[in-house]
Amino acid sequence: MRRAVQGWPYEFLPVMEEIVARHGDVVRIAFGVPVRYVCSHPDAVKQVLVDERDNFVKAGPDNEVIRSIIGTGLLTSDGSRWKRLRTSAIPQFRPAQLQLYSEVVAEECEALADRWEKRARTGDSIDVCPEMLRFAISVLGRALFGVELGHHLHELVGAFRTINSEASRDPTVPVLPFLWGEGRARYRAALRTIDRICAEIADESAGSSGTLLAALCDGPVNASTARDHVKNFLFAGHATTASVLSFLTYVLGREADIARRAAAEVDTVLGARPVRFDDLKELDELRRICQETLRCYSPVWHMPYQSRRATVIGGYRIPARAIVSISPYLMHRRADLWPEPLRFDPDRFLRERVRERSPYMYIPFGMGARRCIGERLSTIEITMMLAVLSRRFVVELLDDEPVRCMPILTFRPDDRLRVRVRPRSTADGRI
Ligand code: HEM
């Protein structure tokens, strides 16, 4: 464990993978505070997230860090407040609403591709992560809150990035790192920026009826509550989606065969026209590529909960008030569950193969009552982006080395992920 901490952030998860391979389904980590139990088996997923749901709450240091950033909202609340918010938010993610959001998504995908095409002409490389962060946050601002972020976009993305890295400086003490040290001023300034911009978004969105914010507020609420709803959704929905999109771009650059398969399906289903909501059900190869990307690179690499009462998981006694962390990342990379786990193989998600395995084995969006409410929206974003990139470009990585990954608040590639793109028309449509 010392090696994992010393090698933070790059070595942390690879060492955890070794520990899980050696010690099994539930691993007690007593290094640092507090002691935690890391679970990576489908039975533990079912027990914690479904069967004993009421025994596990969003408390403990990791959740306190998140709450100190985004306040109380759907992501960070529990009990009756959470239930009320969840019930109010669900209608905003029904198919008719998703179809409307998909129009925003399609526009933003094409806008990103237009910018990339200009870079292709000038021969400039593309810094993938910030591009995808801006895309994801623009989509959320427009689709969920009816607000164009305009000049706030760069500032907001920068502030969230600062928070992400400063809050994850040391894996053993998730609360303390930003109470002192040089990062403190940066961190506090970023928090103020996020508060200010999210308050403006809430203000602007409050003028429209039928929005997510109107549903969550359900009558008059004070300004800071409305702002915290915006913060909860932007926080939960942007870095996660942007991370998958960055990894997806990496996959297109690294796996020539996958890129070819994606382009072939897009050529057959779409030809030269832009992707639409109704096309998504036809793009089965793309669905599988997206799902395999989420298996290999789950942005939510762990879900920490606190036990209210003592219980037993996988034969281990778990005391009350212990941190129980479900790790999609570790479970998705276990060789006993996923043969050759490091091989990128979308066919693992052929429908007949999915039917053969436990649904608790694959949980990029969590499971049970608190499963991600934005799952279908982000699936639309990811699939549409894959369609647009595959239709318009050949992606080339600038670096031959495997991508370096960081399990900070959200698991993501590090900043060295840069690509060049060639328009497919100038590549004779071939890959
Ligand atoms: C690939 C993209 C995404 C991934 C991998 C992801 C993953 C997750 C996971 C694993 C959870 C459960 C956390 C837990 O149980 O502790 C969750 C919850 C949540 N997600 Fe997502 N998410 C993504 C995109 C989005 C988007 C686009 C939105 C915005 C609509 C969103 C909003 C939320 C919210 C509000 C919750 C809390 C739900 C609740 O507690 O009732 N997510 N997400």
Side-chain angles (χ1 to χ4, degrees), residues 39 45 48-50 53 56-60 62-63 66-67 70-90 92-94 97-98 101-102 104-105 108 132-133 135-145 211-213 215-216 228-248 290-291 293-306 323-329 331-332 360 362-386 409-412:
C39 305
V45 170
V48 173
L49 298 183
V50 180
R53 177 72 262 178
F56 294 95
V57 287
K58 292 215 168 180
D62 306 83
N63 287 306
I66 307 280
R67 203 168 284 119
I70 59 174
T72 306
L74 183 60
L75 183 69
T76 51
S77 54
D78 269 310
S80 57
R81 184 182 164 87
W82 166 78
K83 208 175 174 68
R84 187 184 63 72
L85 292 175
R86 180 93 187 185
T87 309
S88 309
I90 278 178
Q92 301 295 321
F93 295 92
R94 296 228 166 99
Q97 211 61 32
L98 289 168
Y101 300 159
S102 75
V104 172
V105 175
E108 293 285 340
M132 293 307 185
L133 284 165
F135 163 85
I137 226 164
S138 295
V139 167
L140 293 176
R142 287 181 63 193
L144 299 186
F145 299 108
T211 62
L212 174 64
L213 194 61
L216 290 167
D228 288 358
H229 287 317
V230 174
K231 287 205 287 184
N232 264 252
F233 272 86
L234 292 191
F235 179 85
H238 91 285
T240 42
T241 305
S243 163
V244 187
L245 292 172
S246 303
F247 282 119
L248 199 56
C290 294
Q291 288 185 317
T293 306
L294 276 157
R295 180 191 70 81
C296 294
Y297 308 104
S298 275
V300 177
W301 59 281
H302 75 146
M303 292 179 254
Y305 282 91
Q306 190 180 64
I323 301 301
V324 173
S325 186
I326 300 287
S327 177
Y329 177 94
M331 184 166 70
H332 293 170
Y360 302 101
Y362 177 68
I363 54 160
F365 294 102
M367 190 50 86
R370 296 206 72 150
R371 190 176 175 129
C372 177
I373 200 165
E375 173 173 355
R376 280 184 292 174
L377 170 59
S378 64
T379 302
I380 292 170
E381 292 179 78
I382 298 162
T383 318
M384 282 192 160
M385 181 66 85
L386 179 56
L409 289 183
T410 307
F411 177 73
R412 65 168 174 82

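Counting convention: from 1, in listed order, for ligands and their atoms alike.
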When you measure from [atom] to every protein heavy atom, which one gives the shortest distance, and what is it?
atom                    : result
atom 32 (C) of ligand 1 : Ala236 CB, 3.5 Å
atom 37 (C) of ligand 1 : Leu75 CD1, 3.5 Å
atom 6 (C) of ligand 1  : Phe365 CD2, 3.7 Å
atom 22 (N) of ligand 1 : Cys372 SG, 3.1 Å
atom 15 (O) of ligand 1 : Tyr305 OH, 2.6 Å
atom 5 (C) of ligand 1  : Pro364 O, 3.4 Å
atom 28 (C) of ligand 1 : Gly237 CA, 3.4 Å
atom 13 (C) of ligand 1 : Met303 SD, 3.9 Å

Keeping the roles fixed (side chain from [X], backbone from [Y]), state whether a donor-acceptor pair exists under 3.5 Å.
X      : Y      : answer
Arg412 : Pro299 : no
Ser378 : Glu375 : yes
Asn232 : Leu75  : yes

Identity of the nearest option to atom 12 (C) of ligand 1, non-hydrogen atoms only, from Arg371, Lys58, Arg370: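 Looking at heavy atoms only, the winner is Arg370.
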My understanding is that we take every heavy atom of each candidate and find the minimum distance to atom 24 (C) of ligand 1. Doing that for Thr293, Thr240, Leu377, which one comes out nearest? Thr240
Between Val244 and ligand 1, which residue portion shows a heavy-atom distance shorter than 4.0 Å: side chain, backbone, both, or neither? side chain
Is Arg370 salt-bridged to Asp78, cutoff N-O under 4.0 Å? yes
Please check if the distance between the ring centroids of Tyr362 and His332 is under 6.0 Å. yes
Aromatic contact between Tyr297 and Phe247, with the criterion being ring centroids under 6.0 Å apart: yes or no? yes
Under the side chain to side chain contact (heavy atoms under 4.5 Å, CB included) criterion, do Ile323 and Tyr305 qualify, and how do the steps go? CA-CA 6 Å; Ile323 301 301; Tyr305 282 91; over 6 Å; no
Relative to each other, are the rings of Phe145 and Phe233 parallel, tilted or perpendicular (30° and 60° limits)? perpendicular
